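Just below is one structure, and these are the notes that go with it.
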Amino acid sequence: MTLLEPPPELQEKPRAVLYACVGVLLVSVFVLYFGFRYFPEKEAGERFFNAVVAGDMNKAYELWHASPSYRMKDFVADWGPDGYYGPIKSYRIVSATSPKDASGVILVVAVSPYSPMPDVNDAEKSSKTRFVNVWVDTKTKGFSFPP
């Protein structure tokens with residue numbers, strides 16, 4: 001090496017690519033985790049509410065995994081066409097949360113007597129939309145009202 005020859009330049013390009021790949025991987029893991037962490041419970045909720053919307057109370061009651069004290073007549077009194085939450089013609093799962101160290105997930109579901117789900121700008125129809133909290137057990141995927 002002489003005075004006129006510059007020292008060899010170190011390549012920083014491979015490190016930059018490595019850091020970018022690690023960053024993209026971490027962001028994708030983060031997004032996928034928070035996007036799909038309650039996916040099984042939401043799927044169970046969709047099966048249940050699809051049965052209620054279709055009017056198949058027997059299937060919905062079976063999916064509910066009711067305790068012996070919550071009989072079919074009580075279930076229909078809550079979820080049936082003339083029930084407390086009924087008639088349910090459409091629904092939308094709004095959110096899913098799990099309290100710390102809980103054995104289940106709370107689904108917040110908007111239920112409406114209109115099909116399809118009314119737009120927020122339609123004040124008359126959207127005023128009939130109710131929000132229902134439903135507890136989904138993570139092991140059995142059975143339903144109940146939140147504790």
Side-chain angles (χ1 to χ4, degrees), residues 8-147:
E9 292 183 29
L10 297 175
Q11 295 263 340
E12 294 293 326
K13 197 175 199 175
R15 280 191 186 162
V17 170
L18 176 67
Y19 292 151
C21 289
V22 168
V24 167
L25 180 67
L26 288 175
V27 167
S28 351
V29 166
F30 183 77
V31 167
L32 288 173
Y33 173 74
F34 283 105
F36 291 103
R37 69 180 161 172
Y38 300 126
F39 183 75
E41 290 80 9
K42 287 181 180 179
E43 282 290 313
E46 286 181 5
R47 281 193 304 275
F48 171 74
F49 281 101
N50 283 336
V52 171
V53 167
D56 190 355
M57 290 294 130
N58 291 325
K59 181 178 179 185
Y61 183 72
E62 180 182 316
L63 291 171
W64 187 266
H65 294 234
S67 65
S69 64
Y70 192 62
R71 297 203 167 104
M72 181 67 164
K73 66 177 182 134
D74 301 323
F75 179 79
V76 172
D78 285 337
W79 297 101
D82 297 324
Y84 181 74
Y85 299 108
I88 299 175
K89 301 288 184 188
S90 62
Y91 71 93
R92 183 181 72 239
I93 297 176
V94 178
S95 68
T97 57
S98 180
K100 188 175 181 179
D101 298 329
S103 64
V105 174
I106 297 174
L107 294 180
V108 178
V109 183
V111 295
S112 174
Y114 299 103
S115 180
M117 182 66 92
D119 189 43
V120 177
N121 297 329
D122 188 356
E124 181 183 340
K125 288 185 177 180
S126 64
S127 68
K128 304 274 184 183
T129 300
R130 300 179 78 174
F131 291 91
V132 180
N133 293 336
V134 179
W135 178 264
V136 182
D137 188 281
T138 54
K139 291 179 184 168
T140 64
K141 302 301 182 267
F143 296 87
S144 67
F145 294 106

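Predicted model, so just to flag it, every value in this text is computed and none were measured.
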* Interatomic distance, Met117 atom CE to Lys125 atom NZ [nearest 0.5 angstrom] -> 12.5 Å
* **Nearest heavy atoms of Met72 and Asn58, plus distance in Å** => CE-OD1, 3.1 Å
* What is the distance from atom CG of Asp56 to atom CD of Glu62, rounded to the nearest 0.5 Å? -> 9.0 Å
* **Ser98 side-chain N/O to Val105 backbone N/O, donor-acceptor pair under 3.5 Å** => no
* Where do Ile106 and Pro99 come nearest, in terms of heavy atoms and distance? -> CD1-CG, 4.3 Å
* Under 3.5 Å, is there a donor-acceptor pair between the Tyr114 and Asp122 side chains? -> no
* To do: Can you sort out the partners of Lys141 under salt bridge (Lys or Arg N to Asp or Glu O under 4.0 Å), two or more places apart, ordered by chain and number?
  => Glu41
* To do: Taking all non-hydrogen atoms of both residues into account, name the closest pair between Val52 and Ala60 and its distance.
  => CG2-CB, 3.8 Å
* **Heavy-atom pair with the smallest gap, counting every atom of Lys89 and Val53** => O-CG1, 3.4 Å
* Value rounded to 0.5 Å, distance of OG1 in Thr129 from CZ in Arg92 -> 7.5 Å
* Structure fact -> Taking every heavy atom of Phe131 against every heavy atom of Ala110, the minimum-distance pair comes out as CE2-CB, 3.6 Å
Could you go through residues 21-37 and list every donor-acceptor pair under 3.5 Å that involves a side-chain atom there, pairing it with any protein atom two or more places apart or in another chain?
{"unit_1": "Ser28", "atom_1": "OG", "unit_2": "Val24", "atom_2": "O", "d": "2.5"}

* How many angstroms lie between atom CZ of Arg71 and atom OH of Tyr61, to the nearest 0.5 angstrom? -> 8.0 Å
* Asked: Taking all non-hydrogen atoms of both residues, which atom of Asn133 and which atom of Phe145 are closest, and how far apart?
  -> O-CD2, 4.2 Å
* Can you find a pair of side-chain heavy atoms, one from Trp135 and one from Ser103, that are under 4.5 Å apart? -> yes
* Is the number of heavy atoms from other residues, nucleotides or ligands within 6.0 Å of CG (Asp82) greater than 12? -> no
* Is the shortest heavy-atom distance from the side chain of Pro87 to the side chain of Pro113 under 4.5 Å? -> yes
* Can you measure from CD1 (Ile93) to CZ (Phe49) and round to the nearest 0.5 angstrom? => 7.5 Å
* To do: Begin from the C-alpha positions of Trp79 and Phe48 and carry the test ring-ring contact (aromatic ring centres under 6.0 Å, His included) through to its verdict.
  => CA-CA 11 Å; Trp79 297 101; Phe48 171 74; 5.5 Å; yes
* Asked: Do side-chain atoms of Asp74 reach the backbone of Tyr70 as a donor and acceptor pair under 3.5 angstrom?
  -> no
